[in-house]
A.B. asks: 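Pasting a structure here, questions to come.
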Amino acid sequence: MPRGEIDESWIEEAVQRYRRIEFLQAEFDQAVTKVEVTVRSPDGLVEVAVTAGGRITDVRFLGALQNRHPRDIAGSVQAAVAAAADAAQWAREKLHNETFADYRPLTGA
């Protein structure tokens, strides 16, 4: 194609790809609020459920708290919340890879 001419088919393909990416992004944004992962503290005392978007949806204590020092309980909660943040990031990346798996970069060839 001579320089300065507009490749209308390339423009149409770009517009279609843009619309597809917008659709996939909307699906991804919705999915991160629905996908949920659950993790436990290393000692098994605390279980935290978190969405791929990072919102904690549930916290459960799986053992008795009466004979535990408050500092130990706090440490278990902190460990579970930290693990939940890592799990949310993992879930978000996995979801992103699945959502955009068929996306290929647009080339002007």
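Computed from heavy atoms alone, side chains included, the values below leave out hydrogens, waters and symmetry copies.
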A.B. asks: For Asn97, does the CG atom sit with more than 12 other heavy atoms under 6.0 Å from it, leaving out its own atoms?
C.D. replies: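 Yes, CG of Asn97 has more than 12 neighbouring heavy atoms, counting only those of other groups under 6.0 Å.
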A.B. asks: Of the non-hydrogen atoms in Val35 and Ala91, which two are nearest, and what is the gap between them?
C.D. replies: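 That would be CG1-CB, 4.5 Å.
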A.B. asks: Step by step, would you call Gln25 with Asp29 a side chain to side chain donor-acceptor pair (under 3.5 Å)?
C.D. replies: CA-CA 6 Å; Gln25 185 65 50; Asp29 291 344; 2.9 Å; yes
A.B. asks: Starting from Trp10, can I reach Tyr18 by hopping between I/L/V/M/F/W/Y residues whose side chains sit under 4.5 Å apart?
C.D. replies: no
A.B. asks: After noting the C-alpha distance and the side-chain angles of Glu47 and Val39, does the key distance pass the side-chain contact (heavy atoms from CB on, under 4.5 Å) rule?
C.D. replies: CA-CA 6 Å; Glu47 182 177 84; Val39 297; over 6 Å; no
A.B. asks: A quick test of your reading: do over 12 heavy atoms of other residues, nucleotides or ligands sit less than 6.0 Å from CD of Gln30?
C.D. replies: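 Open.
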A.B. asks: Kindly compute the distance separating CG (Leu45) from CG (Asp72), expressed to the nearest 0.5 Å.
C.D. replies: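 With rounding to 0.5 Å, CG (Leu45) is 9.5 Å from CG (Asp72).
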A.B. asks: Between the main-chain N or O of Ala52 and the side-chain N or O of Arg92, is there a donor-acceptor pair closer than 3.5 Å?
C.D. replies: yes
A.B. asks: Within the side chain of Ser41, is there an N or O that forms a donor-acceptor pair under 3.5 Å with the backbone of Val46?
C.D. replies: yes
A.B. asks: Checking Arg68 against Asp43 for the side-chain contact (heavy atoms from CB on, under 4.5 Å) test, could you report, in this order, the C-alpha distance in whole Å, the side-chain angles of both residues, the deciding distance, and whether it holds?
C.D. replies: CA-CA 12 Å; Arg68 295 184 187 256; Asp43 63 5; 4.0 Å; yes
A.B. asks: Got a second to check how far Glu36's CD is from Ile56's CD1, nearest 0.5 Å?
C.D. replies: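 Answer for the CD-CD1 pair, Glu36 versus Ile56, is 11.0 Å.
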A.B. asks: What are the two closest heavy atoms between Val32 and Thr51, and how far apart are they?
C.D. replies: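 In this case the closest contact between Val32 and Thr51 is O-CB, 3.5 Å.
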A.B. asks: What's the shortest heavy-atom distance between Ala88 and Val50, and which atoms?
C.D. replies: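 Scanning both residues, the minimum pair turns out to be CB-CG2, 4.0 Å.
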A.B. asks: I want to check something: taking the side chain as every heavy atom from C-beta on, are Thr38 and Val48 in contact at a cut-off of under 4.5 Å?
C.D. replies: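 With C-beta onward as the side chain, the pair stays apart.
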A.B. asks: Give the intermediate values and the outcome of side chain to side chain donor-acceptor pair (under 3.5 Å) for residues Gln16 and Arg19.
C.D. replies: CA-CA 5 Å; Gln16 288 174 2; Arg19 288 182 181 142; over 6 Å; no
A.B. asks: Testing the basics here: between Ala31 and Leu95, what is the closest heavy-atom pair and its distance to 0.1 Å?
C.D. replies: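 Result for this residue pair: CB-CD2, 3.4 Å.
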